[in-house]
Peer 1: 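Just dropping this structure here.
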Amino acid sequence: KNKNLKRGIVMSFIHINKEWCKRCGICIDLCPKDVLGKDDDGYPVVVNEKACIRCRLCELRCPDLAIELEDNNEK
(Lines give C-alpha, C1' and ligand atoms only; values in the text may rest on other atoms or scores of the structure.)
Protein backbone atom coordinates (compact mmCIF):
# COMPACT_ATOMS: atom_id res chain seq x y z
CA LYS A 1 0.00 0.00 0.00
CA ASN A 2 1.05 3.56 -0.61
CA LYS A 3 1.72 5.07 2.81
CA ASN A 4 1.07 8.56 1.46
CA LEU A 5 -2.49 7.64 0.46
CA LYS A 6 -3.26 6.35 3.95
CA ARG A 7 -2.09 9.64 5.48
CA GLY A 8 -3.79 11.73 2.81
CA ILE A 9 -0.49 13.31 1.82
CA VAL A 10 -0.56 13.69 -1.93
CA MET A 11 1.53 16.28 -3.72
CA SER A 12 -1.04 17.59 -6.12
CA PHE A 13 -2.74 20.67 -7.50
CA ILE A 14 -5.94 19.17 -6.07
CA HIS A 15 -6.22 19.89 -2.36
CA ILE A 16 -8.68 18.01 -0.14
CA ASN A 17 -9.34 19.36 3.34
CA LYS A 18 -10.12 16.30 5.48
CA GLU A 19 -11.27 18.49 8.36
CA TRP A 20 -14.16 19.78 6.24
CA CYS A 21 -14.86 16.63 4.20
CA LYS A 22 -17.76 14.45 5.34
CA ARG A 23 -16.86 11.60 2.94
CA CYS A 24 -20.07 11.86 0.90
CA GLY A 25 -18.35 10.73 -2.33
CA ILE A 26 -19.97 13.35 -4.57
CA CYS A 27 -16.57 14.45 -5.89
CA ILE A 28 -15.62 10.88 -6.76
CA ASP A 29 -18.94 10.16 -8.46
CA LEU A 30 -18.93 13.38 -10.51
CA CYS A 31 -15.36 13.17 -11.83
CA PRO A 32 -15.57 12.35 -15.54
CA LYS A 33 -11.97 11.06 -15.61
CA ASP A 34 -11.81 8.98 -12.39
CA VAL A 35 -9.14 11.21 -10.90
CA LEU A 36 -10.37 10.64 -7.35
CA GLY A 37 -10.76 7.48 -5.32
CA LYS A 38 -11.31 6.63 -1.65
CA ASP A 39 -8.65 5.93 0.94
CA ASP A 40 -9.05 3.28 3.65
CA ASP A 41 -11.09 5.71 5.76
CA GLY A 42 -13.43 6.73 2.93
CA TYR A 43 -11.88 10.12 2.25
CA PRO A 44 -11.32 11.17 -1.36
CA VAL A 45 -7.74 10.99 -2.60
CA VAL A 46 -6.10 11.75 -5.91
CA VAL A 47 -5.42 8.47 -7.70
CA ASN A 48 -4.92 9.64 -11.30
CA GLU A 49 -3.89 13.30 -11.34
CA LYS A 50 -2.60 13.17 -14.93
CA ALA A 51 -6.12 12.38 -16.16
CA CYS A 52 -7.57 15.55 -14.62
CA ILE A 53 -9.03 17.94 -17.21
CA ARG A 54 -9.59 20.67 -14.59
CA CYS A 55 -13.34 20.77 -15.14
CA ARG A 56 -13.61 21.68 -11.44
CA LEU A 57 -16.80 19.64 -10.92
CA CYS A 58 -15.33 18.23 -7.72
CA GLU A 59 -14.59 21.70 -6.40
CA LEU A 60 -17.85 23.29 -7.53
CA ARG A 61 -20.16 20.53 -6.28
CA CYS A 62 -18.53 19.76 -2.94
CA PRO A 63 -21.18 20.63 -0.33
CA ASP A 64 -18.48 21.25 2.29
CA LEU A 65 -16.09 23.31 0.13
CA ALA A 66 -13.44 20.74 1.03
CA ILE A 67 -11.80 20.57 -2.41
CA GLU A 68 -9.74 23.28 -4.03
CA LEU A 69 -7.84 23.20 -7.31
CA GLU A 70 -4.82 25.43 -7.82
CA ASP A 71 -4.78 27.52 -10.93
CA ASN A 72 -2.01 26.75 -13.41
CA ASN A 73 -0.13 29.89 -12.46
CA GLU A 74 -0.25 29.10 -8.71
CA LYS A 75 1.83 25.93 -9.02
Side-chain angles (χ1 to χ4, degrees):
K1 282 186 178 179
N2 184 336
K3 291 180 182 178
N4 288 337
L5 282 181
K6 184 159 180 88
R7 292 188 191 131
I9 303 168
V10 177
M11 298 308 290
S12 173
F13 61 85
I14 303 167
H15 303 284
I16 300 166
N17 184 335
K18 284 188 171 185
E19 291 181 19
W20 295 358
C21 178
K22 65 181 173 208
R23 298 179 275 190
C24 67
I26 290 173
C27 56
I28 297 167
D29 294 339
L30 285 178
C31 182
K33 296 295 184 177
D34 297 322
V35 173
L36 301 171
K38 286 187 180 183
D39 69 8
D40 292 339
D41 296 320
Y43 287 99
V45 291
V46 178
V47 295
N48 191 9
E49 181 181 51
K50 289 181 181 180
C52 182
I53 58 173
R54 294 181 183 253
C55 66
R56 294 180 115 72
L57 282 175
C58 58
E59 182 180 45
L60 295 170
R61 295 297 182 190
C62 177
D64 301 305
L65 306 175
I67 299 181
E68 183 178 1
L69 272 65
E70 287 180 17
D71 290 329
N72 284 335
N73 57 1
E74 289 180 23
K75 210 170 178 186

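The analysis underlying the following values was restricted to heavy atoms, covering all of them including side chains, and did not include hydrogens, waters or symmetry mates.
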Peer 1: Check Leu57 against Pro32 and note the closest heavy-atom contact, atom names and distance.
Peer 2: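 So the two residues come closest at CD1-CD, 4.3 Å.
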
Peer 1: Hey, what do you get for SG (Cys62) to CD1 (Ile67), rounding to the nearest 0.5 Å?
Peer 2: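 Reported value, rounded in 0.5 Å steps: 5.0 Å.
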
Peer 1: How long is the gap from CG on Leu30 to SG on Cys55, to the nearest 0.5 Å?
Peer 2: 8.5 Å

Peer 1: Please answer whether the main-chain N or O of Glu70 pairs with a side-chain N or O of Arg54 as donor and acceptor at a distance below 3.5 Å.
Peer 2: yes

Peer 1: State, yes or no, whether a side-chain contact exists between Asn48 and Lys33 at a heavy-atom distance under 4.5 Å.
Peer 2: no

Peer 1: Would you say that Val45 contacts Leu36 through its side chain, given a criterion of any heavy-atom pair below 4.5 Å between the two side chains?
Peer 2: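 When only atoms from C-beta onward are counted, Leu36 and Val45 do not touch, as no gap falls below 4.5 Å.
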
Peer 1: Kindly give the heavy-atom pair with the smallest separation between Cys52 and Ile14, and that separation in Å.
Peer 2: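 Residues Cys52 and Ile14, closest heavy atoms: SG-CD1, 4.2 Å.
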
Peer 1: Please find the pair of heavy atoms, one from Pro44 and one from Cys21, that lie closest to each other, and give the distance.
Peer 2: CD-SG, 3.5 Å

Peer 1: So, Asp39 side chain and Asp41 main chain: donor-acceptor pair closer than 3.5 Å or not?
Peer 2: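 Checked: pair present.
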
Peer 1: Kindly indicate whether the side chain of Ile16, heavy atoms from C-beta on, has any atom under 4.5 Å from the side chain of Cys58.
Peer 2: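 Contact flag for Ile16/Cys58 side chains = no.
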
Peer 1: Mind checking the CD1-CG spacing from Ile26 to Leu60? Nearest 0.5 Å is all I need.
Peer 2: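 That separation rounds to 12.5 Å.
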
Peer 1: Could you name each residue pair satisfying salt bridge (Lys or Arg N to Asp or Glu O under 4.0 Å) that touches residues 55-67, not counting sequence neighbours?
Peer 2: Lys22-Asp64, Arg56-Glu59, Arg56-Asp71

Peer 1: Could you tell me the separation between the CD1 atom of Ile28 and the OH atom of Tyr43, rounded to the nearest 0.5 Å?
Peer 2: 12.5 Å

